[in-house]
Amino acid sequence: AESVTPESLFLHALCTFFSCSSWLPQRVPLQGSHWQSSLLDLRTSLPVRAQPKKKKKVDVKKEQAQKERMKKRIKKLEKAAPELIPIEDFITPLKYSESNRVRSLPALSPEESERRVLLMKKWCLFKQKQDEAEKKAIKAVVESQQEALKELRLESEELYQAAIRRDEGLFPFQRDGPSYTPPLPGYDPPEGKCIDITKVYTQ
Amino acid sequence: DALLGCHRSYRSQPTHGIGKFKYLLPKEGPKKRKEKVQMKEISAGTEYQYGDVNIQMTSYDLCLVEHFAQYVHRLCNRLSIRVNESYAMPTKTNEVLFLEERGSKMQLDAVLTTHQRVVQIRGLSSTFAPILLEIIQSSQPEGVHLLVKQHTEADFKSRLKSRPELEELLSQMS
């Protein structure tokens, strides 16, 4: 918006009026006090002055009211706490809970049940041995690390301090799990694409 | 007697307090208010300790990833590493289409769901971190992708629902 002063507008209006009207007697061009003007000038000047002021007031008020309304809306939305996206894994689909069908299992013979119990015991023993071996391995590793650090300390204090510090290059750390079979040599996969159809939740 | 001292006559009557039973019921605790989902402070850690670290396990197989997450959580408990949170990230669904040998139409091959579990730990010492990584790697099952990284605010925000209206209004304001 151009900065329009009433005085400049008044001058502009007066000049146009001056140029278009020929019946006015020769007038002295504006020099300083233009307040001593004829009645005609006054009549044309008043409406010209009033219009731009009206526009300004209405615009500013409207803009202010709009801004306030937006601020109120933002405050209202911000008041509501953000929600976590629901995880589909933990929601059982309805079709599995509606039906009442029950599985009828065949009766087990005593040999079969005994075999199963013994198998379970063997599995438990195997798992226990596995777990104990893991604990032992962890303990051994930690102990050897502590011994190494002790020896390092005896060697040089500086290196020990540097070794104790945390490694910034360690994270982020990525590793793919092992695969059942190695990749086939010379396999030509068919062309295709992947489309992400995850449901987008909005609050 | 306090009952007789007051000016209301019925409070001294033998039937005063008839019908009261709430004093017989067990006392209810304070009302459970819905806890607002707020971000907990992310610790940066000292020179000899890592701050909040996220161990993220991703896979197409739900059971494997769940069991692996439970294993990692129990391992951290056993090694007395503080576990802040153990949560699941939202599932992602992908449609895999492949081009037929003779033809230009794309055929639907499968609908795969990617599951992710996160175990957040704090106070991991710098000397023990490589040992922990070794243990987790040695027991990593097939098809489970492991990612260990520092916890950031962006990670937390990715769990929350998007608010398009609020973002629109904020962008309009500025």
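Keep in mind the model is a prediction, meaning the values are calculated, not measured. Protein chains get the first letters and strands the later ones, always in sequence-line order, with residue 1 at the start of each.
Among R117(B), M89(B), E66(B), the residue making the largest number of heavy-atom pairs under 4.5 Å with chain A is R117(B). Counting heavy-atom pairs closer than 4.5 Å to chain A, the top-ranked of the candidates P130(B), S139(B), S125(B), A88(B) is A88(B). Chosen from L170(B), I131(B), V96(B), the residue pairing most often with chain A at heavy-atom distances under 4.5 Å is I131(B). Of the residues considered (P189(A), A137(A), G192(A)), G192(A) shows the highest number of contacts with chain B, using heavy-atom pairs under 4.5 Å. Note on K135(A), K67(A), K71(A), E78(A): by heavy-atom pairs under 4.5 Å with chain B, the leading option is K135(A).
Between L170(A) atom CG and Q150(B) atom CD the span is 9.0 Å, to the nearest 0.5 Å. Distance check, rounded to the nearest 0.5 Å: CZ of R73(A) to CD of E168(B) gives 10.0 Å. Summarising the geometry, atom CZ belonging to F171(A) is positioned 11.5 Å from atom NZ belonging to K149(B); distances are rounded to the nearest 0.5 Å.
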> Going through the checks in order, is the side chain to side chain contact (heavy atoms under 4.5 Å, CB included) test met by V142(A) and F128(B)?
Replying inline: CA-CA 8 Å; V142(A) 166; F128(B) 194 69; 3.7 Å; yes

>> Run the side chain to side chain contact (heavy atoms under 4.5 Å, CB included) test on T202(A) and K161(B) for me, step by step, so that the C-alpha distance in whole Å, both residues' side-chain angles and the decisive distance to 0.1 Å come before the verdict.
In response: CA-CA 5 Å; T202(A) 49; K161(B) 284 188 190 169; over 6 Å; no

>> Working note: T127(B) + L149(A), criterion side chain to side chain contact (heavy atoms under 4.5 Å, CB included); need CA distance, chi angles, decisive distance, verdict.
In response: CA-CA 10 Å; T127(B) 48; L149(A) 282 170; 3.8 Å; yes

> Passes side chain to side chain contact (heavy atoms under 4.5 Å, CB included), Q203(A) versus L166(B)? Steps please.
Replying inline: CA-CA 9 Å; Q203(A) 196 174 5; L166(B) 188 65; over 6 Å; no

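Of all the heavy atoms in R166(A) and S126(B), the pair that sits closest is CA-CB, 3.5 Å. Shortest non-hydrogen contact noted between D167(A) and Y50(B) is N-OH, 2.9 Å. Smallest separation of non-hydrogen atoms from I74(A) and L169(B): CG1-CB, 3.7 Å. Heavy atoms only, all atoms of each residue included: P178(A) and Q140(B) are closest at CD-O, 3.6 Å.
For CD of E85(B), the number of neighbouring non-hydrogen atoms (other residues, nucleotides, ligands) closer than 6.0 Å is greater than 12. Environment of CZ in F156(B): crowded, with over 12 heavy atoms of neighbouring residues, nucleotides or ligands closer than 6.0 Å. Around CD of E157(A), the count of heavy atoms belonging to other residues, nucleotides or ligands within 6.0 Å exceeds 12. Counting non-hydrogen atoms of other residues, nucleotides and ligands closer than 6.0 Å to CD of E134(B) gives a total of 12 or fewer. Counting heavy-atom neighbours within 6.0 Å of F90(A) CZ, excluding the residue itself, gives a total above 12. A 6.0 Å sphere centred on CD of Q13(B) holds more than 12 heavy atoms belonging to other residues, nucleotides or ligands. No more than 12 heavy atoms of other residues, nucleotides or ligands lie within 6.0 Å of CD1 in I18(B), so this atom counts as exposed by the packing criterion.
Heavy atoms closer than 4.5 Å to chain B are found in both the backbone and the side chain of I197(A). Neither the backbone nor the side chain of L132(B) comes within less than 4.5 Å of any heavy atom of chain A. Only the backbone of S158(B) comes within less than 4.5 Å of a heavy atom of chain A; no side-chain atom from C-beta onward does. Only the side chain of L133(B) has a heavy atom closer than 4.5 Å to any heavy atom of chain A. L62(B) touches chain A through its side chain: at least one heavy atom from C-beta onward sits under 4.5 Å away, while N, CA, C and O do not. The parts of P90(B) that come within reach of chain A are both its backbone and its side chain, each placing non-hydrogen atoms under 4.5 angstrom from that chain.
Side-chain contact between Q174(A) and L146(B) is absent, with no heavy atoms from C-beta onward closer than 4.5 Å. Q137(B) places a side-chain heavy atom less than 4.5 Å from the side chain of R175(A). Proximity of N94(B) to I195(A): side-chain heavy atoms (C-beta onward) are nowhere separated by under 4.5 Å. Contact of the P190(A) side chain with the L99(B) side chain is not registered, since no non-hydrogen atoms from C-beta on lie closer than 4.5 Å. Looking at heavy atoms from C-beta onward, E165(B) lies in side-chain contact with L77(A) at the 4.5 angstrom threshold. A 4.5 Å side-chain heavy-atom check between D176(A) and V144(B) finds every atom pair outside the cut-off. At a threshold of 4.5 Å between non-hydrogen side-chain atoms, the residues H115(B) and D89(A) count as touching. Counting only heavy atoms from C-beta outward, the side chains of Q161(A) and Y48(B) approach each other to under 4.5 Å.
Qualifying side-chain contact (heavy atoms from CB on, under 4.5 Å) partners for R74(B), counting only residues two or more places apart in sequence or in other chains: none.
Taking non-hydrogen atoms and a 4.5 Å limit, the residue list of residues 80-88 of chain A in contact with chain B, ordered by number, reads A80(A), A81(A), P82(A), E83(A), L84(A), I85(A), P86(A), I87(A), E88(A).
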